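Just so it is clear, the structure is predicted and the values come from calculations on it, not from any experiment.
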Amino acid sequence: MDITVTGRKTTVTDALRTRVDEKIGAAIKVFDIEPMTVDVVLRYEKNPSIPNPAVVEVTVRARGSVVRVAEHGEDMYAAIDTAADKIARQLRKFKTKVVDRRQRGASAAEVAPAERVGDLADLIEPSEEELEEEDLLVREKVIDITPMTEEQALVQTDLIGHDFYVFKNASTGLINVVYHRKDGGYGIIKPKE
């Protein structure tokens with residue numbers, strides 16, 4: 001298993017690297033999903049009004065799917081511990097919903113998740129106020145869209161931890177969006193045919 005630890009505008013000490021290997025490595029090792037790569041980003045929020053400035057972002061790529069967790073803590077060690085617990089829960093959900101389903105006999109074409117899932121939140125363009133403040137800073141991200149069912153898209157939404165997920169509906173061939181509703185449950189946006 002390959003764990004890459006990086007720091008954004010902060011130094012990753014040997015003690016932090018050891019803690020990541022110890023906690024996150026132990027949480028991931030239990031699942032024995034191959035191939036699996038793990039990227040861990042450590043950073044601190046600069047705003048003094050934020051009560052939990054330490055942020056740990058864990059991205060796991062396993063069998064063409066992406067499982068992502070971002071956790072805040074009072075210090076980096078607390079954030080690493082919380083992220084390890086949460087990534088273990090997310091991987092358990094991934095294993096039961098995706099991997100075990102394949103082993104029960106569903107065809108790989110029916111349950112194949114997106115091979116490369118981008119950070120979909122980055123696709124939202126900034127509002128006019130943000131454009132004025134940010135001097136037209138726009139970020140573009142290109143994603144591969146793989147045909148899948150609505151149920152598989154809901155699983156991917158949970159696994160990457162975003163509020164919405166863009167996918168190509170396997171039954172209609174059209175681009176759809178599933179999203180978390182504020183009052184609970186999910187919604188789906190479909191174009192008119």
Chemist: Does a side-chain heavy-atom distance below 4.5 Å link I24 with V40?
Modeler: yes
Chemist: Under the side chain to side chain contact (heavy atoms under 4.5 Å, CB included) rule, what do I50 and N47 come out as? Steps first, then yes or no, please.
Modeler: CA-CA 6 Å; I50 296 176; N47 188 342; 3.7 Å; yes
Chemist: With salt bridge (charged side-chain N to carboxylate O under 4.0 Å, His left out) as the criterion, how do E22 and R17 come out once you've worked through the C-alpha distance, each side chain's angles and the decisive distance to 0.1 Å?
Modeler: CA-CA 8 Å; E22 182 181 296; R17 190 175 306 278; over 6 Å; no
Chemist: Are N176 and P191 packed together at the side-chain level, in the sense that at least one heavy-atom pair is separated by less than 4.5 angstrom?
Modeler: yes
Chemist: Indicate the atoms forming the closest heavy-atom contact of M76 with A54, along with that distance.
Modeler: N-CB, 3.6 Å
Chemist: Treat each ILVMFWY residue as a node, draw an edge where side-chain heavy atoms are under 4.5 Å apart, and state whether V41 and V66 are in one component.
Modeler: no
Chemist: Would you check if L91 and K93 make a side-chain contact, meaning some heavy-atom pair closer than 4.5 Å?
Modeler: no
Chemist: For atom CD of E45, decide whether the heavy atoms of other residues, nucleotides or ligands shown that lie under 6.0 angstrom number more than 12.
Modeler: yes
Chemist: If you round to the nearest 0.5 Å, how far is CG of L174 from CG of N169?
Modeler: 7.5 Å
Chemist: Would you check if I87 and V60 make a side-chain contact, meaning some heavy-atom pair closer than 4.5 Å?
Modeler: yes
Chemist: Please round to the nearest 0.5 Å and tell me the distance separating atom OG1 of T82 and atom NZ of K23.
Modeler: 10.0 Å
Chemist: Identify whether L42 and I3 are in the same connected component of the hydrophobic contact network (ILVMFWY, side-chain heavy atoms under 4.5 Å).
Modeler: yes
Chemist: Enter the distance from Y165:OH to M148:CE here, rounded to the nearest 0.5 Å.
Modeler: 3.5 Å
Chemist: Rounded to the nearest 0.5 Å, what separates atom CG in D163 from atom OH in Y179?
Modeler: 12.0 Å
Chemist: Return the minimal non-hydrogen interatomic distance between A79 and G73, and the atom names on each side.
Modeler: CB-N, 3.8 Å
Chemist: Which residue, V56, V38, I80, forms the side-chain contact (heavy atoms from CB on, under 4.5 Å) with V20?
Modeler: I80
Chemist: Do the non-hydrogen side-chain atoms of I175 and F167 ever get within less than 4.5 Å of each other?
Modeler: no
Chemist: Hey, could you give me the CG/OH distance between L16 and Y77, rounded to the nearest 0.5 Å?
Modeler: 4.0 Å
Chemist: Is the shortest heavy-atom distance from the side chain of V55 to the side chain of E71 under 4.5 Å?
Modeler: no
Chemist: Does the ring center of H180 lie less than 6.0 Å from the ring center of Y186?
Modeler: yes
Chemist: Taking all non-hydrogen atoms of both residues, which atom of A84 and which atom of A27 are closest, and how far apart?
Modeler: O-CB, 3.6 Å
Chemist: In the structure I gave you, are the side-chain heavy atoms of R8 and E57 within less than 4.5 Å of one another anywhere?
Modeler: yes
Chemist: Side chains of D39 and V58, heavy atoms from C-beta outward: is any pair under 4.5 Å?
Modeler: no
Chemist: If I take atom NZ from residue K168 and atom CD1 from residue I145, how far apart are they, to the nearest 0.5 angstrom?
Modeler: 8.5 Å
